[in-house]
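Notes to accompany the following structure.
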Amino acid sequence: MKKFLFPVIAIGIGMMAHAQKLKPIDPVERKVNKLIARMTLEEKVGQMTQVTLGVVATKIDGELDALKLKDAVVYHNVGSILNVTNH
């Protein structure tokens, strides 16, 4: 039984991989894939980075520091800022 199971699983995996290659790619998915391919590793890591409001705020509650915000978004490619209030 074990000798029979491995080839069946291997053939099934091969057929699934082949079927995925034949599937037409959606134009939006193609555009997204091209954009991601052009991104540097640093840009990809930055887009996955989530910082809290404290990283881009001043000492005054709820007030943003424009220089810190620019540094986070422009220079470090931060993908999202969490716990933002009144903005």
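We're numbering straight along the sequence, starting at 1. Any value given below was found using the heavy atoms of this structure, including those in side chains, with hydrogens, waters and symmetry copies removed.
By the 4.5 Å heavy-atom criterion applied to side chains, Leu64 and Leu53 are counted as neighbours. Between Lys68 and Val55, every side-chain heavy-atom pair lies at or beyond the 4.5 Å cut-off. Between Gln47 and Met39, the closest side-chain pair of non-hydrogen atoms falls below 4.5 Å. Between Ile81 and Leu69, the closest side-chain pair of non-hydrogen atoms falls below 4.5 Å. Put simply, the side chain of Ile36 reaches to within 4.5 Å of the side chain of Lys44, judged on heavy atoms.
In this structure, Lys31 places its NZ atom where only 12 or fewer heavy-atom neighbours from other residues, nucleotides or ligands lie under 6.0 Å away.
Asn33 places a side-chain N or O within 3.5 Å of a backbone atom of Glu29 that can act as its donor or acceptor partner.
Residue Asp65 holds its CG atom at 10.5 Å from NZ of Lys59, rounded to the nearest 0.5 Å.
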